[in-house]
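In the text below, chain A, chain B and the rest are named by the order of the sequence lines, each starting its count at 1.
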2 protein chains.
Amino acid sequence: MASHSVAEQTRRALEVHLLDGSWPVGTRLPAERVLAETMGVSRNSVREAIFCLKDRGLLFSKHGSGVFVSDRLQTAISSPWRQLVAEHPDLRWDTLEFRRELEGATAYYAALRANASDLEKIEGIVKRLTAAYDTGEKEEEYRADADFHAAIAEASHNSMFLYLHSGIVRMLREHICLNLMAMEDPTGAVTGHLRQQHLGIWDAIRAQHPDEARQAMLAHIDFTWSELARREERRASQ
Amino acid sequence: MASHSVAEQTRRALEVHLLDGSWPVGTRLPAERVLAETMGVSRNSVREAIFCLKDRGLLFSKHGSGVFVSDRLQTAISSPWRQLVAEHPDLRWDTLEFRRELEGATAYYAALRANASDLEKIEGIVKRLTAAYDTGEKEEEYRADADFHAAIAEASHNSMFLYLHSGIVRMLREHICLNLMAMEDPTGAVTGHLRQQHLGIWDAIRAQHPDEARQAMLAHIDFTWSELARREERRASQ
DNA sequence: AGCGGAAATTGGTAGTACCAATTATTTTTT
DNA sequence: AAAAAATAATTGGTACTACCAATTTCCGCT
């Protein structure tokens with residue numbers, strides 16, 4: 001007794017992909033014909049579902065190209081906020097403070113709920129990260145660092161954490177020079193600390209120790225900020 | 001140069017009928033096949049348009065009978081996120097989980113940064129709350145409870161916490177019977193616990209003990225949820 | 001290596017056919 | 001004649017095919 005129409009079930013199935021992170025913003029959906037076959041429904045039903053999500057602004061389609069995931073969900077949450085942050089620099093600190101809480105929570109729940117696939121993904125990123133530390137490729141280090149935090153948010157298996165996280169990170173990228181850190185580290189001491197912190201977070205998650213993971217993440221964020229603040233200070237005084 | 005798809009134009013045409021009064025509430029729309037012919041489009045497009053309006057709650061269809069104009073006013077100008085929360089029960093849990101973290105943080109920072117004015121305001125609300133407990137005015141108790149949490153969010157002196165807090169609370173109010181709790185408490189035991197918890201949070205904030213405040217708030221939220229869950233469970237089994 | 005055009009892919013629309021639920025109509029029964 | 005049952009017609013739900021238009025991919029040519 002499904003009681004829900006096929007088109008409706010199809011819509012929900014698509015929504016799940018939008019929510020659980022398997023189709024991030026910008027993803028091109030499989031072709032309608034493919035979706036219809038893989039989901040075992042007619043292309044009509046797929047189109048009805050897609051049309052509805054397009055109407056909500058969650059998807060948009062380009063004729064001849066494909067259907068894509070819009071960023072509306074993120075902007076819906078962070079858009080009014082973004083304007084305020086742009087105009088009131090004081091709010092930047094509030095944002096950072098919120099991000100601290102958010103990342104602590106994602107680490108906690110990632111340690112609590114990460115499945116084998118999540119762990120595998122994170123482990124791969126950790127390997128990229130350590131490799132980048134070793135070779136000193138700052139660009140790759142920065143990318144892997146961002147991926148690391150995103151993968152943890154995904155592994156927390158909480159859609160709200162996930163969307164707020166990506167929204168916040170994107171916003172911070174606009175207003176703050178996030179890769180400032182990776183640039184200036186003559187002695188390599190900072191890099192060493194970062195490596196240790198990331199591995200600590202990873203160990204806690206892999207060992208499924210939620211409280212440990214949260215503490216490790218909070219310590220990491222605090223360290224990052226203090227380093228960023230030191231650099232900004234030095235830059236301002238020059 | 002239509003620039004809009006046929007299905008979209010069809011949807012707008014249907015919307016016009018809903019808005020200009022030619023199809024009042026309860027009206028049975030012409031059959032899909034008829035609409036398709038009179039509007040000069042395929043039945044597919046008509047169905048896509050109708051499906052979208054059904055999703056918004058403006059129409060509903062009875063298999064074999066027809067499509068009807070819903071009486072639900074189009075207050076459904078809701079954000080995509082809200083729409084998703086309404087339909088995906090899992091998301092409700094995600095939201096609650098997020099709220100838990102958020103309220104814990106607001107309590108923490110309120111204890112850290114509340115000024116004299118904040119404390120005075122919270123104290124006034126606490127007095128209202130205890131008075132409501134004593135007299136048993138459930139309505140006033142519910143209002144004061146909400147004000148209490150809002151005042152703490154305000155006292156955290158973080159605009160982002162405040163912004164998200166009010167948004168989350170508003171959303172939860174729509175999808176969850178928040179005042180369910182205040183209704184059923186024959187022995188008064190629950191009210192007793194709530195009073196104690198609120199006072200505990202208040203004491204920690206007043207004493208400027210951030211960690212204590214966070215723990216007290218988390219315990220309070222957890223208690224509230226378990227009570228809500230118990231009631232929903234009991235209601236479902238009946 | 002760069003360019004251009006053919007071919008494959010993809011969303012957009014239309015049309016047909018059939019199923020399932022409802023309603024209207026006719027027939028049968030009492 | 002009225003009620004009940006069977007039947008036909010209507011309507012939404014789903015599937016499939018076909019074709020168009022925009023885009024991308026890829027191959028051959030220069």
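- One interatomic measurement links the two molecules: NE2 of B:His4 to P of C:dT13, which rounds to 12 Å at whole-angstrom precision.
- Heavy-atom contacts of chain A under 4.0 Å fall on DNA chain D between two terminal nucleotides, which in 5' to 3' order are D:dT14 to D:dT23.
- Helix-axis bend for the helix from C:dA1-D:dT30 to C:dT30-D:dA1: the local axis fitted to the five terminal pairs at one end deviates from that at the other end by 20°, rounded to 10°.
- A donor-acceptor pair under 3.5 Å is absent between the side-chain atoms of A:Ser45 and the main chain of A:Val41, judged by distance alone.
- C:dA14 atom C1' lies 12 Å from atom CZ of A:Arg43, rounded to whole Å.
- Side chains of A:Asp118 and A:His157: a donor-acceptor N/O pair is present below 3.5 angstrom, by distance only.
- One atom, CD of A:Glu37, and another, C1' of C:dT9, lie 15 Å apart when rounded to the nearest Å.
- Remark: the backbone N or O of A:Ala107 is not paired with any side-chain donor or acceptor of A:Arg214 at under 3.5 angstrom.
- In this structure, A:Arg195 pairs ionically with A:Asp134, as a charged nitrogen and a carboxylate oxygen lie closer than 4.0 Å.
- Between the CG atom of B:Leu35 and the P atom of C:dT13 there is a distance of 17 Å, rounded to whole Å.
- Aromatic ring centres of A:His220 and A:His193: separated by at least 6.0 Å.
- With the nearest nucleotide of DNA chain D identified for both B:Glu32 and A:Ser45, B:Glu32 has the one nearer the 5' end.
- Using a cut-off of 4.0 Å between Lys/Arg side-chain N and Asp/Glu carboxylate O, B:Glu15 and B:Arg12 are scored as not salt-bridged.
- The salt bridge (charged side-chain N to carboxylate O under 4.0 Å, His left out) contacts involving residues 147-163 of chain A comprise A:Lys121-A:Glu154, A:Arg128-A:Asp147, where partners must be two or more places apart or lie in separate chains.
- At least one side-chain nitrogen or oxygen of B:Ser42 sits closer than 4.0 Å to the OP1 or OP2 atom of C:dA14.
- Between A:Phe51 and B:Phe51, a ring centre-to-centre spacing not shorter than 6.0 Å is recorded.
- Between B:Leu29 and A:Ser65, it is B:Leu29 whose nearest contact on DNA chain D lies nearer the 5' terminus.
- Look at CD on B:Glu48: it is 8 Å from P on C:dG12, rounded to the nearest Å.
- Side-chain contact of B:Asn44 with B:Ser42: a donor-acceptor pair under 3.5 Å is absent, judged by distance alone.
- Distance, A:Arg47 CZ to C:dT13 C1': 8 Å, rounded to whole Å.
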